[in-house]
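Chain naming here is simple, since letters A, B, ... match the order of the sequence lines and numbering starts at 1 in each.
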2 protein chains.
Amino acid sequence: MVTIADVARHAGVAPSTVSYVLTGKRSISPQTRTKVRESIRLLGYHPHAGARALATSRANVVALVLPLRPGVHLPVLMRFVTAAVTAARRHDMDVLLVTADQGAQGLRRVAGSAQVDGFLVMDVELDDDRVPLLRQVAQPSVLIGRPAAVKGLTCVDLDFEAAGARCVDHLADLGHRYIGFLGAPSVVYQRNTGYAQRTMAGFGAAAMRRGIASTALPAEDDYESVLTSVRSLLRTQPAMTALVVHNEAALGWVAGSLRALGRKVPDDVAVVAICPDELAEQMQLTSVQLPAEELGRQAMELLVARLNGHPTAPLTLLPPKLSGRASTAPRLRRA
Amino acid sequence: MVTIADVARHAGVAPSTVSYVLTGKRSISPQTRTKVRESIRLLGYHPHAGARALATSRANVVALVLPLRPGVHLPVLMRFVTAAVTAARRHDMDVLLVTADQGAQGLRRVAGSAQVDGFLVMDVELDDDRVPLLRQVAQPSVLIGRPAAVKGLTCVDLDFEAAGARCVDHLADLGHRYIGFLGAPSVVYQRNTGYAQRTMAGFGAAAMRRGIASTALPAEDDYESVLTSVRSLLRTQPAMTALVVHNEAALGWVAGSLRALGRKVPDDVAVVAICPDELAEQMQLTSVQLPAEELGRQAMELLVARLNGHPTAPLTLLPPKLSGRASTAPRLRRA
DNA sequence: TCCGTGTGTTGAAGCGTTTCGACAACATTA
DNA sequence: TAATGTTGTCGAAACGCTTCAACACACGGA
């Protein structure tokens, strides 16, 4: 292994000088700088990460804590991950993978051994058992998702309330006056999953604000129950001309159910989904997407900010983006 | 931070003694051992990873090099990853994530700075530009996939030839005598992707061995061309009673095409797929799966073996496993 | 001429481990 | 009893880097 001493000898300077050239923490004359740089290049020198970590007590590594539990949408997760990794690299940080199955143990170990400078925790739930742990360890952390109490934390999430509202606004602007909401399976609401409720709340509030009649129902993820839910929405509100769907699994059955009930999309009933973009793209649905890249990037930036001692807000909510597609159209006043 | 010196002081021994308790590299009296252990527990001591890496020139970290290029099947990739991470943890190793977009640069940096002890490279192609790099760096590596020349490397892969053969054998055992093969899009064969050819070769050889008439065709991934390919297979070989499909994207259209041509699965034509297990499960297809967990685990075990100086074979091929499902049935001799 | 003020460079002291050689203390053999 | 192992422990020297205090030097101002 080629060390800083080798470089120093080769360039005819002191090791400390080489260090200062590398870190730029002191002014170095242009001559020495280029001389040292040349020696570094020639010898193929790379600073030893461990030694550096020891000396600076900074590992330049952040832990990425992934859930990998069943039910996470992998393509979206991967987009988080790549965005986070890319952002990390921009700040000369590397990423250590910590899977959730390593559990509390893993977090503590990684934190205690100073292997990482901070934690990026993905897919945080309303009542996440990792949160108390993260409060204990020395390293700062940023969470993607929104636990019940964000005080003292740094969290990033999509503004689901705004997302629900955005759907209503879009439909209202198109002239719709009676809108239905097809939600997640009821078990999700029972589990207090946070984002589901918040979307609903945002939807409901926006409807009230715009003077729009709204009806909401949960939906399970098989054709039969989607059909039942849609039928009962239409029965409750026969004038319904638009549907907001917040349920990835049900999405595939919605168009079919509507067709089975004699309604065409978008002419009779417009549909807006809240779902990963690729799903919406595939089915040609107007949708509010989960901005995975943006979330991953933001989270990492916030983490880096905290590592550099900058204060950060406990909760950063990203504004929803709506992409118009074939499933919505202006409401034409029929003769 | 609590250091080994703190522990030593607390336990009334020398730092080196604590170290020996931790590593077990010298015999320590039971009394001191428990005393030291107790102090460690009490003070919540964790060895500093950087310091350890510096002293031992072993980071206890392996790099996981992911492609993340479009077209990789993410659920399968994730199963690789979790299996690899789990295996790594069993050997007290952590996993650093290196995405391919960091490219050669990233590999060199991570290797040069001694951040990792080895590389686990996923989704290696026949002519992979990472391979020459890996030969240069000091750390050993294990590849999942099979590049053109494996000499001096350590590679793990599914035995695709055997997989092709396994399908034939299964069908032959059921009494089928005329079997078709629906392959990947022709562009894949042109690209020399290795595994596609090897599957074909295995299929063809097994058919010859069993005295079975076989016809093979590539298939694109839209309904029209799948239909065309299936029709032309049936025209070439009207007595065909079974189909081996090695094309994830086409899979969805196969049953429909057969139905459109008046053939029922499995009564008229049996189907065996070579694809990720969940796809097969979902469509109830008899299939040979990609043993992702097994590959990830094996790869990590091999890497650990190499790190410990054990020699490893340049190529480890995992035997294919066939799961019988509803799409195959014994060939009944019709009246 | 002397003094302060920058600027560029250096030597040495850490950072927290591991590990080697040394050395007591005790047990075993001659 | 002396010589020889064996076992358990210790002190100190690495490992490769950063960083602080110190210093040499040149510069302009009194």
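Residues meeting the side-chain hydrogen bond (donor to acceptor under 3.5 Å, both in side chains) test with A:D117, sequence neighbours left out: none. Partners of A:Q136 according to the side-chain hydrogen bond (donor to acceptor under 3.5 Å, both in side chains) rule, which considers only residues two or more places apart in sequence or in another chain, are A:R108. Listed by chain and number, the residues in a side-chain hydrogen bond (donor to acceptor under 3.5 Å, both in side chains) with B:D128 are B:R130 (sequence neighbours excluded). Residues passing the salt bridge (charged side-chain N to carboxylate O under 4.0 Å, His left out) test with B:E293 are B:R79, sequence neighbours excluded. Looking at residues two or more places apart in sequence or on another chain, you find a salt bridge (charged side-chain N to carboxylate O under 4.0 Å, His left out) between B:D92 and B:R89. Every residue two or more places apart in sequence or in another chain was checked for a salt bridge (charged side-chain N to carboxylate O under 4.0 Å, His left out) with B:D159, and none qualifies.
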Show which side-chain atoms of residues 46-68 of chain B pair as donor or acceptor with protein atoms under 3.5 Å away, not counting sequence neighbours.
| residue | atom | partner | partner atom | Å |
| --- | --- | --- | --- | --- |
| B:H48 | ND1 | B:G50 | N | 3.0 |
| B:H48 | ND1 | B:A51 | N | 3.0 |
| B:T56 | OG1 | B:R52 | O | 2.7 |
| B:T56 | OG1 | B:R58 | N | 3.2 |
| B:T56 | OG1 | B:R58 | O | 3.4 |
| B:R58 | NH2 | B:N308 | OD1 | 3.1 |

In residues 141-158 of chain B, what donor-acceptor pairs under 3.5 Å come from side-chain atoms, sequence neighbours left out?
| residue | atom | partner | partner atom | Å |
| --- | --- | --- | --- | --- |
| B:T154 | OG1 | B:R306 | NH1 | 3.2 |
| B:T154 | OG1 | B:T312 | OG1 | 3.0 |

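Note: CZ (B:R9) to C1' (D:dC10) measures 16 Å, nearest angstrom. The nearest whole Å value for the distance from the CG atom in B:L54 to the P atom in D:dT18 is 12 Å.
The distance from atom OG of A:S29 to atom NZ of A:K35, rounded to the nearest 0.5 Å, is 7.0 Å. In this structure, CG on B:L43 lies 12.0 Å from CD1 on B:I4, to the nearest 0.5 angstrom.
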- Message: Please determine whether side chain to side chain contact (heavy atoms under 4.5 Å, CB included) holds for the pair A:L77 and B:M78, giving the CA-CA distance in whole Å, both sets of side-chain angles, and the decisive distance to 0.1 Å.
- Response: CA-CA 10 Å; A:L77 185 69; B:M78 276 319 222; 3.4 Å; yes
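Donor-acceptor pairing under 3.5 Å is lacking for the side chains of A:E38 and A:H10.
Comparing the helix axis at one end of the helix from C:dT1-D:dA30 to C:dA30-D:dT1 with that at the other, each defined from 5 consecutive pairs, gives an inter-axis angle of 50° (nearest 10°).
One finds a salt bridge joining A:R90 and A:E301 here, because a Lys/Arg side-chain nitrogen approaches an Asp/Glu carboxylate oxygen to under 4.0 Å.
Taking every heavy atom of residues 25-38 of chain B and every atom of DNA chain C, pairs under 4.0 Å involve B:K25, B:R26, by number. Near DNA chain C, meaning a heavy atom under 4.0 Å from it, residues 13-24 of chain B has B:S16, B:S19, B:Y20, B:T23 in order of number.
In 5' to 3' order, the nucleotides of DNA chain C bounding all contacts with chain A (an atom under 4.0 Å from a heavy atom) are C:dG8 to C:dG16.
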